[in-house]
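Heads up: the structure comes next, in structure tokens.
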Amino acid sequence: MPPVFCHSLEELFQHIDIHKHKHLSFHHHLRNGDFVMNTVLRHYRDEQVEGLHLHPSSIFPSYTMLLELLERGQIASVTTNYLNGPVAQWISEHGLPGELKMQTHGGRARSIIDGRDRIDVAYLAAPAVDAMGNAVGYLGQHRCGSLGYAVADSQHAGITVLVTDTVLSDPITDPEIQGVDVDYVVIVDAIGDPDGIVSGTTSITTHPIGVRIASLTVAALDAIGAIREGFSFQSGAGGVSLRVTDELSKIMRQRHITASFFSGGITGHHVAMLEAGLVDRLYDVQCFDLAAVDSLARNDRHIPISASRYANPADPDQVIADLDVVILGATEVDLDFNVNVTTDSHGVLIGGSGGHSDTASESQVTVIVSPLMRGRLPLIKDRVTTITTKGEHVDLIVTERGIAVHPERVDLKAKLEQTTLPVMTIETLQAIAHSYTGKPVDPPLGERIIGVVEDRTYEILDNIHQKK
Amino acid sequence: MNVTAGTYESSDCLIRLSPSTTRKVIVESIVFDQFGDAIQRVLNDTLDQYGVSAVQVECFDKGALDYTVRARLITALKRGGYIE
Amino acid sequence: MSRSYLFIPGNTPSMIQSHDVYDSDAVILDLEDSVAVYDKDAARELVRSFLAAHRGNVEVFVRINDVDSGHFHRDVSAVDDLAINGYVLPKANPQAIDALAKACNHPILPIIEDPQAVLDAYAIVRHPQVKGAILGAEDLTKEMMIERTSDGIEIHHVRSHLALVCHALQKPFIDTPWTVVDDLDGLAKDASLARSLGATGKAAIHPNHVALINDLFGPSESAIRDAERILAKASETGKGAFRLDGKMIDEPIVEKARRLIAAAARYNKR
């Protein structure tokens, strides 16, 4: 049976009782240009629905209606993979009646599929929909590319609602969201603002410190033999990661090396390498820019994948199980190689794992790239404020002044010590930072625990404290 | 007469000296929790070293390391004629 | 012999404290042109305070203000008792060299940046405290009111002249910096040309130029490998002269190979 088509949210709420279903989910593929969450939640605000449990895959600064619901006390709990901006600030300062649960991209999908996280209604922005409710993200007026974080929701939510502004007359042959899983399609004027949607990519850094970190990283990867025919690779969209990817592409060109795949968030830079024949396939769980979106639409070696296929350890097709190298960032690391990308040193929420913890646990080699000091704050603490990723999954930490190797990776250490690269213990690297900055006093954390960090094995890695 | 040295740039600090009958040291810093005490100490140690006690020192810090705090204070003290 | 000399603005803490991260063989902490006239005192104090507390694994020079600037003596005394590798003296001439040599005990690297200085280069560089020469083409061409171009035809003769002077006196000749920050291809051409004319190193005004300069002015990988083979064969045969690859290798060539390997080790290539 095809889904019920509505021409407004008002019409939708004639079919669904807005007060009945409290566990709501959204995806963040429209990033800071998303209209859907604000528009949907405005109805919940106006109807004064209370006791809401929100499951957005990430929270961006533009999700202002979420902030309003928090201020009005209508939200009981939030489960998400990443948050920053005013909502993050508010939750850090006030906490929630219930809990803030920080998951990972793979863990969120797993938990929804397992039924452990129950979604009553999934409100999913869908750039292009056909008459049967099939949807893709790489077509439509406000296309965003891969809908990876929406798939599990669409399949397991009690009620699946697609919100779209583009209904295609031809059937979609290879949909990311299957019409059989969709209950309602709501047609609106615009699901988002293009400028905010595809603005996820930064440029390749030219800052001398970032340049140095990238060049040490590539030299280290070379020394450990990671740059070889058929290797697989993932990097973020930040300036240093992009530079590492760019320098790698130069070496791959010189040595005629083709990578087997790149995974994760895809940018125009990755697309250029696909088109140049430097990599065989792109496994795309989210698109960061328009070049990536358009490549997804026309290139069958640029493959959209769901969050489950990306990073769910229980998924038989899990892509990152074959990942050789991942380049990740860090706000803090500690002497046990634990990484924090969730809070700053005051414990205020400024991010979240996203795919950090997932990829670190699967990748053969996990490389953390970061300046040794940010202003006067040293990267390396005795103990991170919040554990996002466990140290046992981290292999190398590359800073502009030196490279630390996890003590258990004697194999990598042996190879790196044969080079002239600045390899040293993490304690030495910390001491170097302290010789410049002095040892910082740790700001006191608030007493009240307002949430937890949960990894994709469902283990609670750490608590999140209210801001003092 | 107020005297200043340094800038508000990242990794720098701005020192402002004002006349005072006693020593007052006031620190505002983007890393106050982590390094406020350390900055206070450098300022006081430097004033001690040069034997200056009757001055108000305001430090507006953007993550300056100890050597920068010290240098900016010394520059301000020289500009203000507190030391040679 | 340093391949790269990176200028670091002396009043910018963030750059000073990262001075040894940029991988140049030498840095020149600058109290002159990159510092505003009203902050000369602040820069002097900052550089002094930094050098008194920290030291990286890199050669450190301080470019003081010129002898007529009114800052000269205070600049010299600010850092004279610290562990620096020398002073860089702008607008150098024989009298200025004498004045600096009297005021300090450290080595001197003069910047040759006006026509008279070019003509007096031999007299400047032969002074025992002078350890090389730096060409300052921006000021030189400005003085002569000629255009400074990317292919450098206007300074071609000066480069050759200074190369001759420095080589005759067996001291390094450090080429003028490339001033187009984002044009790395232009830098590569400019640095290659300077090297081919006899420059032994090059100054830089941006950290992103250092890697290319190091590559072009250092021994190449193949030269290092050849030198390694010569030394291996020399210790193997134990003879004063031997054949390798059909060529006669005698003691001067073996000595040259030894110095090249020592330089490679210094540059972290071995």
Side-chain angles (χ1 to χ4, degrees), chain B residues 1-17 25 27-32 34-35 38-52 55 57-84, chain C residues 6-22 27 29-32 34-58 60 62-65 69-84 206-207:
Chain B
M1 225 349 250
N2 282 359
V3 167
T4 66
T7 74
Y8 292 114
E9 296 294 305
S10 180
S11 298
D12 205 346
C13 65
L14 190 115
I15 299 286
R16 181 160 69 210
L17 303 180
V25 174
V27 175
E28 263 180 46
S29 169
I30 60 169
V31 286
F32 188 83
Q34 293 91 341
F35 294 109
I39 296 167
Q40 193 104 15
R41 204 177 326 120
V42 169
L43 293 169
N44 277 305
D45 285 354
T46 307
L47 290 170
D48 288 343
Q49 190 197 337
Y50 284 91
V52 179
V55 68
V57 178
E58 289 168 284
C59 175
F60 302 97
D61 171 61
K62 292 293 171 73
L65 305 186
D66 284 351
Y67 81 92
T68 300
V69 175
R70 195 180 141 74
R72 292 335 198 177
L73 175 58
I74 292 172
T75 303
L77 288 170
K78 286 184 176 174
R79 286 177 177 176
Y82 293 89
I83 62 180
E84 284 301 304
Chain C
L6 177 63
F7 277 101
I8 303 265
N11 202 33
T12 308
S14 58
M15 289 218 61
I16 292 174
Q17 60 212 35
S18 295
H19 75 292
D20 56 336
V21 158
Y22 304 123
V27 296
L29 302 180
D30 184 30
L31 303 177
E32 199 223 10
S34 67
V35 178
V37 81
Y38 51 80
D39 265 336
K40 298 283 187 189
D41 58 340
R44 188 180 306 134
E45 206 59 61
L46 190 66
V47 166
R48 172 177 179 73
S49 184
F50 178 77
L51 291 176
H54 301 283
R55 207 44 170 84
N57 185 21
V58 71
V60 174
V62 177
R63 178 165 72 171
I64 53 180
N65 288 278
S69 65
H71 298 283
F72 177 80
H73 284 288
R74 276 174 296 178
D75 286 349
V76 172
S77 44
V79 294
D80 208 43
D81 60 336
L82 300 173
I84 59 173
H206 195 283

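Chain letters run A, B, ... following the sequence lines, proteins first, then strands; residues in each count from 1. Owing to the predicted nature of the structure, the values given are computational and were not obtained by experimental measurement.
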Given side chain to side chain contact (heavy atoms under 4.5 Å, CB included), test B:T68 with C:Q17 step by step and report yes or no. CA-CA 10 Å; B:T68 300; C:Q17 60 212 35; 4.3 Å; yes

Verify the neighbour count for atom NE2 of C:H54: are there more than 12 heavy atoms of other residues, nucleotides or ligands below 6.0 Å?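 Yes.
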
Between CZ on residue C:R44 and CD1 on residue B:I74, distance to nearest 0.5 Å: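 If we round to the nearest 0.5 Å, C:R44:CZ and B:I74:CD1 are 13.0 Å apart.
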
Check whether any side-chain N or O of B:Y67 sits under 3.5 Å from a backbone N or O of C:L51 as a donor-acceptor pair, and report yes or no.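 No.
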
Are B:R72 and C:D39 ion-paired here, with the side-chain N under 4.0 Å from a carboxylate O?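 So B:R72 does not pair with C:D39 through a salt bridge.
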
Give a yes or no on whether a salt bridge exists between B:K78 and C:D41, defined as a side-chain N under 4.0 angstrom from a carboxylate O.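 Answer for the salt bridge query: no.
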
Who in residues 5-13 of chain B is close to chain C, using a strict under-4.5 Å heavy-atom cut-off?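 Result: B:S10, B:S11, B:D12.
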
Residues forming a salt bridge (charged side-chain N to carboxylate O under 4.0 Å, His left out) with C:R63, sequence neighbours excluded: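 For C:R63, the residues satisfying salt bridge (charged side-chain N to carboxylate O under 4.0 Å, His left out) (neighbours in sequence not counted) are C:D30, C:E32.
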
